[in-house]
S.K.: 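This is the structure I want to talk about, given as structure tokens.
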Amino acid sequence: MVVLVSDSNDSDEFEWDEDRDDEARVSSSPALRNSDVPGPSTLVWQDAGGRANGAAPSASSVGKFVGMGFPKEMVLKGIKEIGDRDPNALVELLLTYKALGDFPPVGNCSTSSRCIPQSVEDNDDDDLTSEDWDESDAAAERDHIPISDGSGYEDFLQEMSQMDKKIKYLVSMGFPENEANMAITRCGSDAAISVLVDLIYASEYVPLRLPNPMVGFGLPGERLQLVTRRLPALAIGPPFFYFENILYDIEPEFVDSKFFCAAIRQRGYIHNLPIEGRFPILPLPPKTILEAFPQFKKWWPSCDSREYAKLAERIHRALSKSGNPPSQGDQEYVMRECRKWNLPNEMELLLGYPADHTGQVAKMERYKSLGNSFQVDTVAYHLSVLKEKFPGGINVSSLFTGIGGAEVALHRLGIRLRAVVSVEISEVSRSISKGWCDQTQTGTLIEIYEVQSLTDDRIESFIRRLGRFDLVIGGSPCNNLSGSNRHHRVGLDGAQSALFYDYVRILKSVKSTMARM
DNA sequence: GTAATTAAGATTTTACTT
DNA sequence: AAGTAAAATCTTAATTAC
Ligand SMILES: Nc1ncnc2c1ncn2[C@@H]1O[C@H](CSCC[C@H](N)C(=O)O)[C@@H](O)[C@H]1O
């Protein structure tokens, strides 16, 4: 296992740290990391699903289902009945139990986003080998089970005030402090963490708490909070990677772009980039609509009589008939109309793209492609750490390129794009990103249409040709996950969203190929 | 002909009460 | 804290406008 450490020396040469000692070092004194000391990040994140650390498989299964919100007794009964081989069947059974009211209701915690900070776990964590991470894919990621068997860390707690430390630990696992307090009060200060966790789960409904505020590891101008992430084996570079999606139940860097611009955009970002030394694109975009578009104040909402003559006309008519200020009904009508049709030019600007970036295609196409693109300022902030590491520019594998959000972000950061292998199936989107490249870029652009056609062989030949990939970046389709899809919201295995697996496949392939060559 | 418009829910999160 | 109302969400197919 490897931990990304910040390179405090300012050498231009970036190096991947693969020293196992790092992990040992970080793991050995996690308590000290809670202090307010500035410097390299330290708290170790680990997806709790990968933390079986020697527990019997059955215990792990129990934890998994308890983590989904079923009472432990119920889970045990279920496993006793049909075993834990078939998780789906077991969930079905548990739901049946629940419906029958055999057990007290505990609410739905299936989307809990808790994580276990890997402070003291022993490790050689078998379950964090690359095999585990990639084969069990999203399912493993989804299972954030704050259940522990209480073996490893109890020792390390001894010097601390037991109660305080345990409360802190529970809080670090994501439990609210009052619940942690409750558990300690009821079980006593020398109860094992696992007991406390069980109690909290068993005792009451534990609602999902999305990170609040959704700022990920922090915002421009803020001091970096003290965190260290433990990356699963697959995530250790090279290459760097960056993945975006509308993830709610994975523990990534979860960010709302409203902290970067005047548009709300909640997204999960999974990446192995360092988080120290980030900087934003300047100037910082305005954070409210009226700051972004002061003209709206004056003649909102008939804001664009050229392109939206009809809308503007209807609105104008409605407004001219009413007094000043317009009646409540008229105001609502106007707001309704304006909400219905966002303005592509304005949308482009809010998302951080150059003016008219998508201007060459039909309006509905602009809406569509802008609708699922990166918010440039947000992504750029995360990618900014690459600048000093790669003064000569980078080779990028850009999967699901869309309108080129990643490329625009890198460009606006002043990171040179030496070569971009871009994979995008949509003709319209390709024309947009290609057009932008032609106008702004001097490096090599290689276009591929189908992500599934980017085979290991082709990857190898690209690496042979380009030398290396420094960054694998992309956001796989989330149309099958999104609530706004009335038709095919079928989950990760949906036709498009399942391409997530190709992202993983390609990342793995790039990594292993580069390691081999 | 192509592009714009319209209306078709469900699920989940946030805002607002009580 | 807990309940309810409101808002928000990476589409598609049929129809109308140009
Ligand atoms: N099989 C496939 N191969 C390649 N790209 C695909 C694909 N299926 C869908 N896509 C593309 O994947 C993209 C997902 S949305 C990603 C948008 C991008 N991050 C941006 O900043 O614009 C869409 O543009 C969609 O056209």
Side-chain angles (χ1 to χ4, degrees), chain A residues 69 105-113 176-179 181-182 203-214 243-250 254-258 262-269 289 304 306-315 332 335-344 347-348 350-351 353 358-376 378-379 399-406 424-429 432 474-492 494-500 503:
Chain A
V106 289
N108 176 13
C109 307
S110 62
T111 50
S112 164
S113 60
E177 192 165 349
N178 61 329
E179 287 181 22
N181 266 316
M182 177 276 295
S203 63
E204 60 188 326
Y205 172 73
V206 184
L208 169 68
R209 284 180 189 77
L210 286 172
N212 192 15
M214 294 175 193
F243 176 82
E244 174 259 12
N245 214 311
I246 53 166
L247 310 168
Y248 288 95
D249 52 1
I250 293 180
F254 198 70
V255 184
D256 191 332
S257 289
K258 75 180 180 184
I264 289 177
R265 212 177 190 77
Q266 298 177 350
R267 294 289 185 276
Y269 303 95
I289 287 286
D304 196 339
R306 294 160 306 170
E307 240 182 313
Y308 306 99
K310 201 151 193 180
L311 170 63
E313 188 191 324
R314 284 207 311 270
I315 291 168
E332 282 171 6
M335 288 310 292
R336 209 164 47 238
E337 290 301 311
C338 291
R339 250 197 293 270
K340 210 156 51 184
W341 291 115
N342 285 319
L343 313 165
M347 201 165 162
E348 224 162 51
L350 289 178
L351 292 177
Y353 294 87
T358 62
Q360 298 311 110
V361 305
K363 190 174 76 174
M364 298 316 289
E365 302 286 358
R366 300 180 71 182
Y367 285 132
K368 196 170 149 196
S369 54
L370 283 165
N372 49 296
S373 63
F374 290 163
Q375 203 290 320
V376 170
T378 310
V379 171
L399 310 179
F400 313 104
T401 302
I403 61 173
E424 170 56 53
I425 202 169
S426 157
E427 179 84 48
V428 169
S429 293
I432 293 169
S476 56
C478 69
N479 58 319
N480 303 124
L481 311 173
S482 166
S484 66
N485 187 337
R486 330 174 150 216
H487 306 282
H488 310 108
R489 191 191 190 184
V490 293
L492 191 59
Q496 287 77 41
S497 293
L499 295 169
F500 159 77
Y503 181 97

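Please read these numbers as outputs of a predicted model, since none were measured by experiment. Quick note on labels: first sequence line is chain A, next is B, and so on, each numbered from 1.
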S.K.: Reading DNA chain B from 5' onward, which residue's closest nucleotide shows up sooner: A/R489 or A/K258?
M.R.: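 Nearest-nucleotide comparison on DNA chain B picks A/R489.
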
S.K.: Over how many whole Å does the gap from A/I264 atom CD1 to B/dT13 atom P extend?
M.R.: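 Roughly 15 Å, once rounded to whole Å.
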
S.K.: Between A/S484 and C/dT11, does any side-chain N or O lie under 4.0 Å from OP1 or OP2?
M.R.: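 Result: yes.
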
S.K.: Quickly work out the A/R366 CZ to B/dA3 P distance and round it to whole Å.
M.R.: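 Distance check: A/R366 CZ to B/dA3 P gives 14 Å.
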
S.K.: Within the structure, does a side-chain N or O atom of A/R267 lie under 4.0 Å from either OP1 or OP2 of C/dC10?
M.R.: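 For A/R267, the contact criterion (side-chain N or O under 4.0 Å from OP1 or OP2 of C/dC10) is met.
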
S.K.: Measuring from the side chain of A/A362 (C-beta onward, heavy atoms only), which nucleotide among C/dT9, B/dA3, B/dT14 has the closest atom?
M.R.: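 Among the listed nucleotides, the one closest to the side chain of A/A362 is B/dA3.
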
S.K.: Is the shortest side-chain heavy-atom distance between A/I425 and A/F400 below 4.5 Å?
M.R.: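 In short, these two side chains do not touch, never coming nearer than 4.5 Å.
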
S.K.: Given atom CG of A/N372 and atom P of C/dT12, what is their separation to the nearest angstrom?
M.R.: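 Atom-to-atom, A/N372 to C/dT12, this comes out as 11 Å.
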
S.K.: Choose from C/dC10, C/dT11, B/dT5 the nucleotide whose nearest atom is closest to any side-chain atom of A/M364.
M.R.: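 Output: B/dT5.
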
S.K.: CZ of A/R265 versus P of C/dT9: gap in Å, rounded?
M.R.: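 Roughly 9 Å, once rounded to whole Å.
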
S.K.: Between A/N480 (side chain only) and A/Q496 (backbone N and O only), is there a donor and an acceptor less than 3.5 Å apart?
M.R.: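 Present.
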
S.K.: Check the distance between C/dC10's P and A/I432's CD1 and give it to me in whole angstrom.
M.R.: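 Atom CD1 in A/I432 sits about 18 Å away from atom P in C/dC10.
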
S.K.: Can you check the A/F374 CZ to C/dC10 P distance for me, whole Å?
M.R.: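 Result: 14 Å.
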
S.K.: Give none if B/dG9 has no partner; otherwise give the nucleotide forming a Watson-Crick or G-U wobble pair with it, both distances under 3.5 Å.
M.R.: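 Because no pair has both required distances under 3.5 Å, B/dG9 counts as unpaired.
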
S.K.: If we call it a pair only when both distances are under 3.5 Å in a Watson-Crick or G-U wobble match, what pairs with C/dC10?
M.R.: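 Base partner found: none.
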
S.K.: Should the side chain of A/R486 and the base of B/dA10 be counted as holding a donor-acceptor pair, with the cut-off at 3.5 Å?
M.R.: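 Result: no qualifying N/O pair found.
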
S.K.: Between A/G483 and A/H487, which residue's closest nucleotide on DNA chain C lies nearer the 5′ terminus?
M.R.: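 Whichever sits nearer the 5' end wins; that is A/G483.
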
S.K.: Which whole number of Å gives the distance between the P atom of B/dT5 and that of C/dC10?
M.R.: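 Between the two P atoms, the distance is 22 Å.
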
S.K.: Whole Å only: how far is the CD atom of A/Q266 from the C1' atom of B/dT11?
M.R.: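 From A/Q266 CD to B/dT11 C1': 15 Å.
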
S.K.: Rounded to the nearest angstrom, tell me the gap between atom CG in A/N480 and atom C1' in C/dC10.
M.R.: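 To the nearest whole Å, that distance equals 10 Å.
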
S.K.: Kindly say whether the aromatic ring centers of A/F243 and A/F500 come within a distance under 6.0 Å.
M.R.: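 Yes, the ring centres sit under 6.0 Å apart.
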
S.K.: When you check the phosphate oxygens OP1 and OP2 of B/dT5, does a side-chain N or O of A/K363 lie under 4.0 Å from one of them?
M.R.: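 Yes.
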
S.K.: We want to know whether A/T378 and A/S257 form a side-chain donor-acceptor pair, criterion being a heavy-atom distance below 3.5 angstrom.
M.R.: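 The criterion, which ignores hydrogens and geometry beyond distance, is satisfied for A/S257 and A/T378.
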
S.K.: Could you walk me through whether A/T358 and A/R366 pass the side-chain hydrogen bond (donor to acceptor under 3.5 Å, both in side chains) test, one step at a time?
M.R.: CA-CA 6 Å; A/T358 62; A/R366 300 180 71 182; 2.8 Å; yes

